[in-house]
Amino acid sequence: MQETWDVSALIDKGTRIHEARGMTMQHLGMELRHIANRAFIDFVTPEQRAWFRRCMAKVTAGEELGIITAELQTGAVAPQPFFVTARPAKAEGKWWLMLTTNLPEAMRPEVRKPDKPTLASGNEFMLLVESAAQEMGERLDLMRLNAAILGDEAAASPETRATLQAEFDQIVLNDAYDGIASRTGAGEYLLLRDREASPSTLLAKLGAAAESRSISQAQLGLEANSLQLSTLGPNLNPAGIRRAADNLRHADRPVQQWEGVVMEQPFWLRPAILVAGLAVIAGIAWLVI
């Protein structure tokens with residue numbers, strides 16, 4: 001059965017549009033000459049951005065996307081549903097996104113609808129970080145969280161730790177930029193956060209979840225630190241992200257000994273936040289080292 005597509009856009013792993021063809025004004029509210037260098041992810045509705053990024057990560061990993069549905073913010077009053085697929089481009093590291101609002105009925109049963117966002121696997125997280133870094137690296141922080149109680153079998157019952165971990169999973173996922181987060185160990189999370197958002201809100205939510213189970217801040221053993229994503233360099237790769245995560249695990253290590261970091265003045269390192277003590281007023285008491 002012949003496929004027909006209304007718009008095609010040549011994108012890279014950061015979803016930046018290099019070229020577009022078709023009815024962009026009708027469907028995306030923007031003329032062809034103005035659409036280049038825009039990030040395609042910006043057209044996706046906020047509710048579906050996390051899921052759409054996961055789909056693009058699969059494409060980057062060499063997997064077949066098939067046909068998916070996505071709601072795009074267009075020149076129309078309300079977001080429009082689109083059918084979307086991806087095709088490899090001749091240029092390395094780029095793909096053609098194909099869009100249409102009308103797909104033959106016979107093909108619709110195979111269409112994938114948005115899934116409920118979940119924490120990313122390790123490799124998937126790396127791909128998502130790479131993508132976001134190309135688009136928003138200057139505004140994002142790579143953040144590490146660790147709740148000691150979740151890795152200490154003697155600290156709480158298995159049931160308590162399991163329910164707390166499930167709630168922490170959801171809190172971290174909801175707070176991360178476009179849902180880009182992963183659980184890398186028992187109680188340890190890596191996530192991307194918009195630097196303009198205060199981390200105290202996230203920490204307060206985690207602390208409140210623990211207190212609702214009569215777990216004190218001291219028992220929780222929550223610690224967090226972060227660094228600016230842009231400091232990892234323009235050619236970000238999984239090895240660099242792993243080194244950065246290891247550096248965050250050893251925040252007390254002298255900067256001169258940090259792997260992969262060569263800077264005369266470590267002005268970019270955001271202070272480690274060690275969370276301890278009791279919740280105070282509307283938040284959590286935290287110490288900046």
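Note that the structure is predicted; figures quoted are calculated from it, not measured.
- Partners of F52 under the ring pair (Phe, Tyr, Trp, His ring centres under 6.0 Å) rule, at least two apart in sequence or in another chain, are F40.
- Judged by distance alone, with hydrogens and angles left aside, the side-chain atoms of E19 form no donor-acceptor pair with the main-chain N or O of L10 at under 3.5 Å.
- Ring orientation note: the planes of Y189 and F168 are tilted relative to one another, at an angle of 30° to 60°.
- In this structure R16 satisfies the salt bridge (charged side-chain N to carboxylate O under 4.0 Å, His left out) test with no other residue, sequence neighbours excluded.
- In this structure, the side chain of Q219 engages the main chain of S216 through a donor-acceptor pair within 3.5 Å.
- The CG atom of L99 sits 8.0 Å away from the CH2 atom of W5 when rounded to the nearest 0.5 Å.
- Side-chain atoms of D141 never come within 3.5 Å of backbone atoms of R193 as a donor-acceptor pair (strictly under, hydrogens ignored).
- Between L97 and M56 the shortest side-chain heavy-atom distance falls below 4.5 Å.
- Atom CD of E110 is surrounded by 12 or fewer heavy atoms from other residues, nucleotides or ligands within 6.0 Å.
- A donor and an acceptor atom, one from each side chain of R195 and Y177, are nowhere located under 3.5 Å apart.
- Under the 3.5 Å distance criterion, the side-chain polar atoms of R144 are left unmatched by any main-chain donor or acceptor of A245.
- In this structure the side chain of L190 never reaches within 4.5 angstrom of the side chain of I241, judged on heavy atoms.
- Going from atom CG of N37 over to atom CD1 of I17 covers 9.0 Å, rounded to the nearest 0.5 Å.
- Checked by atom type, the side-chain pair S198/S200 shows a donor-acceptor distance below 3.5 Å.
- Counting only distance, with no hydrogens or angles, the side chain of D246 and the backbone of R242 share no donor-acceptor pair below 3.5 Å.
- Under the 3.5 Å distance criterion, the side-chain polar atoms of T15 are left unmatched by any main-chain donor or acceptor of A39.
- Scanning all heavy atoms of the two residues, the minimum distance from A86 to V59 falls at CB-CG2, 4.1 Å.
- Annotation: side chain of Q165 is in contact with side chain of D169 (closest heavy-atom distance under 4.5 Å).
- For T85 (side chain) and G66 (main-chain N/O), a donor-acceptor pair under 3.5 Å exists by modelled atom type.
- Across every non-hydrogen atom of A224 and L145, the tightest pair is CB-CD2, 3.3 Å.
- Counting only heavy atoms from C-beta outward, the side chains of R87 and S8 never approach each other to under 4.5 Å.
- In this structure, CE in M25 is found 12.0 Å from NE2 in H27, a value given to the nearest 0.5 Å.
- L32 and L28 sit in two unconnected hydrophobic clusters of ILVMFWY residues. Membership requires side-chain heavy atoms under 4.5 Å apart, directly or through other members.
- No donor-acceptor pair closer than 3.5 Å links the side chain of R38 to the backbone N or O of D42.
- From T24, atom OG1 reaches atom CZ of R33 across 10.5 Å, with rounding to the nearest 0.5 Å.
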Using atom types as modelled, flag every donor-acceptor pair under 3.5 Å from a side chain in residues 117-129 to any protein atom, sequence neighbours excluded.
residue	atom	partner	partner atom	Å
T118	OG1	R54	NH2	3.3
S121	OG	E124	N	3.4
E124	OE1	R54	NE	3.0
E124	OE1	R54	NH2	2.9
E124	OE1	S121	N	3.4
E124	OE2	R54	NE	2.7

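- In this structure, L164 CG and L220 CG are separated by 6.5 Å, a value rounded to the nearest 0.5 Å.
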Tell me which donor-acceptor pairs under 3.5 Å the side chains of residues 130-140 have, and how far apart each pair is, sequence neighbours excluded?
residue	atom	partner	partner atom	Å
E130	OE1	K13	NZ	3.4
S131	OG	K13	O	2.8
S131	OG	R53	NH1	3.4
Q134	OE1	G14	N	3.4
E135	OE1	R53	NH2	2.6
R139	NH2	D194	OD2	2.3

Worksheet item: Taking it one step at a time, do F83 and T69 satisfy side chain to side chain contact (heavy atoms under 4.5 Å, CB included)?
Response: CA-CA 5 Å; F83 299 98; T69 58; 3.9 Å; yes

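- Residues E64 and K58 have side chains not in contact (no heavy-atom distance under 4.5 Å, counting atoms from C-beta outward).
- Residues forming a salt bridge (charged side-chain N to carboxylate O under 4.0 Å, His left out) with R213 (at least two apart in sequence, or on another chain): E167.
- The side-chain hydrogen bond (donor to acceptor under 3.5 Å, both in side chains) search around T100 returns D6, not counting sequence neighbours.
- In this structure, L192 and D178 have side chains that are not in contact, with every pair of non-hydrogen atoms separated by 4.5 Å or more.
- M23 and V84 fall into different hydrophobic clusters, where Ile, Leu, Val, Met, Phe, Trp and Tyr are joined by side-chain heavy atoms under 4.5 Å apart, directly or via other members.
- Both L65 and V44 belong to a single network of hydrophobic side chains, linked directly or stepwise wherever heavy atoms of I, L, V, M, F, W or Y lie under 4.5 Å apart.
- Shown are I11, D12, I35; of these, the side chain to side chain contact (heavy atoms under 4.5 Å, CB included) with H18 is made only by D12.
- Under the 4.5 Å side-chain criterion, counting only non-hydrogen atoms from C-beta, I68 is in contact with W51.
- Contact annotation: the side chain of L227 approaches that of L232 to within less than 4.5 Å [non-hydrogen atoms, C-beta and beyond].
- With N174 contributing its side chain and Q170 its backbone, the two residues share a donor-acceptor pair below 3.5 Å.
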Discussion item. Evaluate R161 against E153 for salt bridge (Lys or Arg N to Asp or Glu O under 4.0 Å), listing each step before the verdict.
Written reply: CA-CA 8 Å; R161 285 186 288 113; E153 295 182 0; 5.3 Å; no

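- For the atom pair CG of L142 and OG1 of T231, the computed distance is 8.5 Å after rounding to the nearest 0.5 Å.
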